[in-house]
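Here is the structure we will look at.
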Amino acid sequence: MDEQGKIISTCDVDANLALQIWTRGKTPRLSIFNKNKNSRKLIHIAWVEKRSRTLAINGKKPGETFNYSVKDFEPSIQKILTDYSAKTNFKVKYLKLVIDLEKAVNRPEPVSNPSDFAMLSEEKRDSLWIADCSQGDRKSGVFRPFFPVNNLEAPVLNEEKLQIPNLASRTTETLMKSGVPEGLKRINPERWHNTIRVTAAAMLLGFSYCGGDGTKTADYLWTVGEKPKVINPNVTVMKVPEKKLTIHDPMLVRLGHKLTSYIRHCYYVDEIKISYSGDADKELHDAGYEKTRRFDFNTGTIGDVPYRVTFYENQNEGVMAFGCNPRMQTARHTGDMVIKIPTEFYKQALKNNTMGSSEDEFYTISRLLWAKQFKEWYGNIKPYVKNFAGLIEK
């Protein structure tokens, strides 16, 4: 590819508009080509995540305009991304990233003392596995799943396979070699296989990182391990160093935690309802909810600004509600955000985040909201990549 970049794939939407994929060796861009004006605009592919977005382009005649909805572009985006995956080295990068992401998601957090379970750190709470060597001689132990298990998954979690023979074996590699994560993917692919594959595809193609800007990370993933072109033969060109991917890495932390939050809470996420209100307190009070307590959430916890979160409960309906009042202006919504979840599901979610330690409502609310955000983001990305991402549909 030359320095100016190259159009890899194109698809006509109609006689006025074509969509194209353009790249110069890093993260691809979406090209919107107005055939009437012979003009092109390059944008990030994340632009198509919002299905309600509209596009207007000028026609050949003065004052002539053609209007489109992003929803109408889905077949065209599917085609150009599928072509792109076949005509570039995308698949090599993608399969490597899938493996790295699987290891990051299944990385166990070690626990050596029984007292550690009384107050688990946030880092350990975010893990889907605990390498528990807190019993017996504390030199051996067992990998414990830190997620709810359904009836199909239970037989795969063979405790004999999950044994840790010594402290040196409290590793991701040992867990992966047990075959248990692979078994979970086979039994429940939508939870353990498809989520990781869609996430990896989104990371490489330049979609948002579940609402966050992942441009720099995406460019890094395309250039890591490769030497740039040599312009001056007298200058030594080094490869871009490769970093070990973890869900706690700053470049992945928010997306990785939303992914693991969804995997843990996937059975309850559809019960979470989010709406917006000009006055959450009045709306919920009028609907029979009683105010119980209040927390302040810092920027980045449940949104891009600080929130004051008030707890409400409607005992007659068995529903918890959270009125989230932004303390600064946010571009994500107007007014208050209202989250509702059946009380029984909320209480179960509290337990699912503990592994015997103290329940943490502050932590649980943020993770439930992250799980909901991931589910919506995942649902927006999946249709665009399903033809080439190797998904398993049952």
Side-chain angles (χ1 to χ4, degrees), residues 102-167 169-176 178 180-181 183-184 187-188 191-192 195-196 246-248 253 256-269 271-272 295 301 320 341 343-372 374:
E102 284 180 349
K103 290 178 179 178
V105 166
N106 286 288
R107 178 178 177 267
E109 284 291 332
V111 173
S112 300
N113 298 296
S115 60
D116 291 342
F117 284 112
M119 188 62 71
L120 284 176
S121 67
E122 190 167 298
E123 186 170 280
K124 294 188 190 302
R125 282 183 188 266
D126 284 330
S127 177
L128 293 174
W129 294 93
I130 295 293
D132 183 5
C133 293
S134 66
Q135 305 298 321
D137 61 7
R138 300 187 186 178
K139 294 181 180 179
S140 60
V142 64
F143 291 112
R144 295 177 61 187
F146 200 169
F147 50 86
V149 178
N150 66 17
N151 292 333
L152 289 175
E153 294 169 330
V156 177
L157 296 166
N158 185 311
E159 189 164 316
E160 187 175 325
K161 291 183 178 180
L162 293 173
Q163 291 297 311
I164 302 172
N166 50 62
L167 292 182
S169 299
R170 298 188 305 181
T171 64
T172 309
E173 289 70 24
T174 303
L175 177 60
M176 299 300 287
S178 74
V180 171
L184 290 171
I187 292 296
N188 196 343
R191 186 184 194 185
W192 297 101
T195 50
I196 290 174
T246 78
I247 64 169
H248 302 296
V253 61
H257 288 170
K258 288 181 178 180
L259 169 57
T260 54
S261 294
Y262 172 74
I263 290 175
R264 179 175 294 162
H265 297 295
C266 64
Y267 298 127
Y268 313 115
V269 73
E271 301 295 330
I272 303 170
F295 285 107
T301 310
M320 297 284 297
I341 182 171
T343 304
E344 63 173 308
F345 290 111
Y346 178 68
K347 290 181 176 179
Q348 187 59 52
L350 282 170
K351 292 179 181 178
N352 292 341
N353 285 328
T354 64
M355 193 167 273
S357 64
S358 59
E359 295 179 351
D360 188 331
E361 293 193 294
F362 184 94
Y363 178 90
T364 296
I365 292 172
S366 63
R367 269 50 183 187
L368 285 174
L369 187 54
W370 287 1
K372 185 71 173 180
F374 182 88

For Asn151, what residues pass the side chain to side chain donor-acceptor pair (under 3.5 Å) criterion, not counting sequence neighbours?
-> none
Can you list the residues that meet the salt bridge (charged side-chain N to carboxylate O under 4.0 Å, His left out) rule with Lys103, with sequence neighbours excluded?
-> none
Would you say Leu128 and Asn106 make side-chain contact, with heavy atoms under 4.5 Å?
-> no
Would you mind reporting whether Arg144 and Leu162 have side-chain heavy atoms less than 4.5 Å apart?
-> no
Are Lys161 and Glu159 within salt-bridge range, i.e. N to O under 4.0 Å?
-> no
Check: Phe147 main-chain N/O paired with Trp129 side-chain donor or acceptor under 3.5 Å | no
Nearest atoms (heavy-atom pairs only) where Ile187 meets Val156 = CG1-CG2, 3.5 Å
Pairwise side-chain contact, Leu152 with Asn188, heavy-atom cut-off 4.5 Å (strictly under) | no
Residues Tyr267 and Glu153: closest non-hydrogen pair is OH-OE1, 3.4 Å
Can any side-chain N or O of Gln163 pair as donor or acceptor with the backbone N or O of Glu160 at less than 3.5 Å?
-> no
Exercise: do Gln348 and Asn352 side chains pair donor with acceptor under 3.5 Å = yes
Asn353 and Tyr363 side chains, donor-acceptor separation under 3.5 Å | no
When every non-hydrogen atom of Ser261 is compared with those of His257, the smallest separation belongs to OG-O, 2.7 Å
Minimum side-chain heavy-atom gap Ser358-Met119 below 4.5 Å | yes
Nearest heavy atoms of Thr354 and Leu120, plus distance in Å = O-CD1, 3.3 Å
If you look at every heavy atom in Asp132 and Ile164, which pair is closest and at what distance?
-> N-CD1, 4.2 Å
Can you see which heavy atom on Phe146 is nearest to which on Arg264, and at what distance?
-> O-NE, 2.9 Å
Would a 4.5 Å heavy-atom cut-off, applied to side chains only, mark Lys139 and Cys133 as touching?
-> no
Ignoring hydrogens and angles, tell me if any N or O in the side chain of Arg170 forms a donor-acceptor pair with the backbone of Phe143 under 3.5 Å.
-> no
Test applied, side chain to side chain contact (heavy atoms under 4.5 Å, CB included); reference residue, Arg191; option that passes from Ile196, Leu184, Ile263 = Ile263
So, does Ser127 use its side chain to make a donor-acceptor pair with the main chain of Arg107 at under 3.5 Å?
-> yes
For Glu123 and Arg125, what are the C-alpha separation, side-chain angles and deciding distance, and is it a salt bridge (Lys or Arg N to Asp or Glu O under 4.0 Å)?
-> CA-CA 5 Å; Glu123 186 170 280; Arg125 282 183 188 266; over 6 Å; no
May I ask you to decide if the ring planes of Phe295 and Phe362 are parallel, tilted or perpendicular, using 30° and 60° as cut-offs?
-> perpendicular
